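Please find one structure pasted underneath; my questions will follow.
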Amino acid sequence: MHITEMKLAGRLNKNNLPEYFATLHRTPGNEYITVTIIGPDSEREHIVEADSPEDIFSMAECLQYHLDGCKGTNSMVHDYYRILENFID
């Protein structure tokens with residue numbers, strides 16, 4: 001089984017709707033994971049090297065911060081790192 005796309009929703013606002021969303025995508029055979037983070041006023045696309053643990057960890061920190069709404073603990077960041085691991089070879 002290969003996961004090629006995953007969509008995540010972040011913390012809920014006062015209207016019980018997610019403030020941030022993220023889409024993670026990797027085409028089989030491509031060297032990069034594409035991560036799009038969509039917020040209330042912005043949409044940013046990030047290109048992550050699928051074979052770089054440092055790049056993947058940095059992206060995990062970014063996802064955790066935006067989706068959870070705070071600077072998280074190491075274990076919180078590692079939850080996102082494990083999600084990104086689904087996209088590495």
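A quick note: this is a predicted structure, and the numbers were derived from the prediction, not measured.
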(Q) If only side-chain N and O atoms count, and only distance matters, is there a donor-acceptor pair under 3.5 Å linking His25 with Thr27? (A) yes
Q | Trace of the side chain to side chain contact (heavy atoms under 4.5 Å, CB included) decision for Val35 with Thr23 | A | CA-CA 6 Å; Val35 178; Thr23 302; over 6 Å; no
Q | Heavy-atom closest contact (Ala22 atom, Leu63 atom, distance) | A |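 That would be CB-CD2, 3.6 Å.
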(Q) Under the criterion side chain to side chain contact (heavy atoms under 4.5 Å, CB included), I'd like the reasoning laid out for Tyr20 against Ile38: C-alpha separation, chi angles, the key distance, then a yes or no. (A) CA-CA 6 Å; Tyr20 280 87; Ile38 303 163; over 6 Å; no
Q) So how far is it from His46 NE2 to Thr36 OG1, rounded to the nearest 0.5 Å? A) 8.0 Å
Q) Any idea which heavy atoms bring Gly10 and Pro18 closest together, and the distance? A)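 Closest approach of Gly10 to Pro18, heavy atoms only: O-CB, 3.8 Å.
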Q. Measuring from Asp51:CG to Ile33:CD1, what's the distance to the nearest 0.5 Å?
A.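 One gets 9.5 Å once the value is rounded to the nearest 0.5 Å.
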Q | Glu31 atom CD: more than 12 heavy-atom contacts under 6.0 Å | A |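 For Glu31, atom CD is not crowded (no more than 12 foreign heavy atoms under 6.0 Å).
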Q) In this structure, are over 12 heavy atoms from other groups packed under 6.0 Å from Tyr65 atom OH? A)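 Check fails, neighbour count at 12 or below.
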Q: Give a yes or no on this: more than 12 heavy atoms of other residues, nucleotides or ligands lie within 6.0 Å of atom CZ of Arg11.
A: yes
Q: For the residue pair Ser52 and Phe57, establish whether any side-chain heavy-atom pair is separated by less than 4.5 Å.
A: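 Sidechains of Phe57 and Ser52: no contact.
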Q) From Leu24 CG over to Thr4 OG1, what is the distance, rounded to the nearest 0.5 angstrom? A) 11.0 Å
Q: Pick out which of Asn30, Ile3, Thr34 makes a side-chain contact (heavy atoms from CB on, under 4.5 Å) with Phe87.
A: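 Of Asn30, Ile3, Thr34, side-chain contact (heavy atoms from CB on, under 4.5 Å) with Phe87 is met by Ile3 alone.
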(Q) Before you tell me yes or no, could you show the steps for Leu17 and Leu12 under side chain to side chain contact (heavy atoms under 4.5 Å, CB included), namely the whole-Å CA-CA distance, both residues' side-chain angles and the distance that decides it to 0.1 Å? (A) CA-CA 5 Å; Leu17 299 171; Leu12 303 178; 5.8 Å; no
Q: Indicate, with yes or no, if Phe21 and Tyr80 share a hydrophobic cluster defined by side-chain heavy-atom contacts under 4.5 Å among Ile, Leu, Val, Met, Phe, Trp and Tyr.
A: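 Different clusters.
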Q | Residue Asn15 excluded, over 12 heavy atoms near CG under 6.0 Å | A |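 Atom CG in Asn15 is packed in, count exceeds 12.
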**Q.** Val48 backbone acceptor or donor facing Asp55 side chain under 3.5 Å
**A.**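 Checking the backbone N and O of Val48 against the side chain of Asp55, no donor-acceptor pair under 3.5 Å is found.
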(Q) Rounded at 0.5 Å granularity, tell me how far CD in Glu54 sits from CD in Glu49. (A)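 That separation rounds to 9.0 Å.
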Q. When rounded to the nearest 0.5 angstrom, what distance separates CZ in Arg26 from CE in Met6?
A.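 Rounded to the nearest 0.5 Å, the CZ-CE separation comes to 13.5 Å.
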(Q) Using side chain to side chain contact (heavy atoms under 4.5 Å, CB included), reason through Ile37 and Glu43 one step at a time and then give a plain yes or no. (A) CA-CA 6 Å; Ile37 299 176; Glu43 181 174 321; over 6 Å; no
Q: Report yes or no: does Asn86 contribute a side-chain atom to a donor-acceptor pair with the main-chain N or O of Ile83 at less than 3.5 Å?
A: yes
Q. Met76, Leu8: one ILVMFWY side-chain cluster at the under-4.5 Å cut-off?
A. no
Q: Specify the closest pair of heavy atoms between Glu19 and Pro40, including all atoms of both residues, with the distance to one decimal.
A: O-CD, 3.5 Å
(Q) For Ser75 versus Arg82, what's the shortest heavy-atom pair and its separation? (A) O-NH2, 4.3 Å
**Q.** Minimum-distance pair of heavy atoms, taken over all atoms of Ile88 and Ala50
**A.**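 For Ile88 and Ala50, the tightest heavy-atom pair comes out as CG2-O, 3.1 Å.
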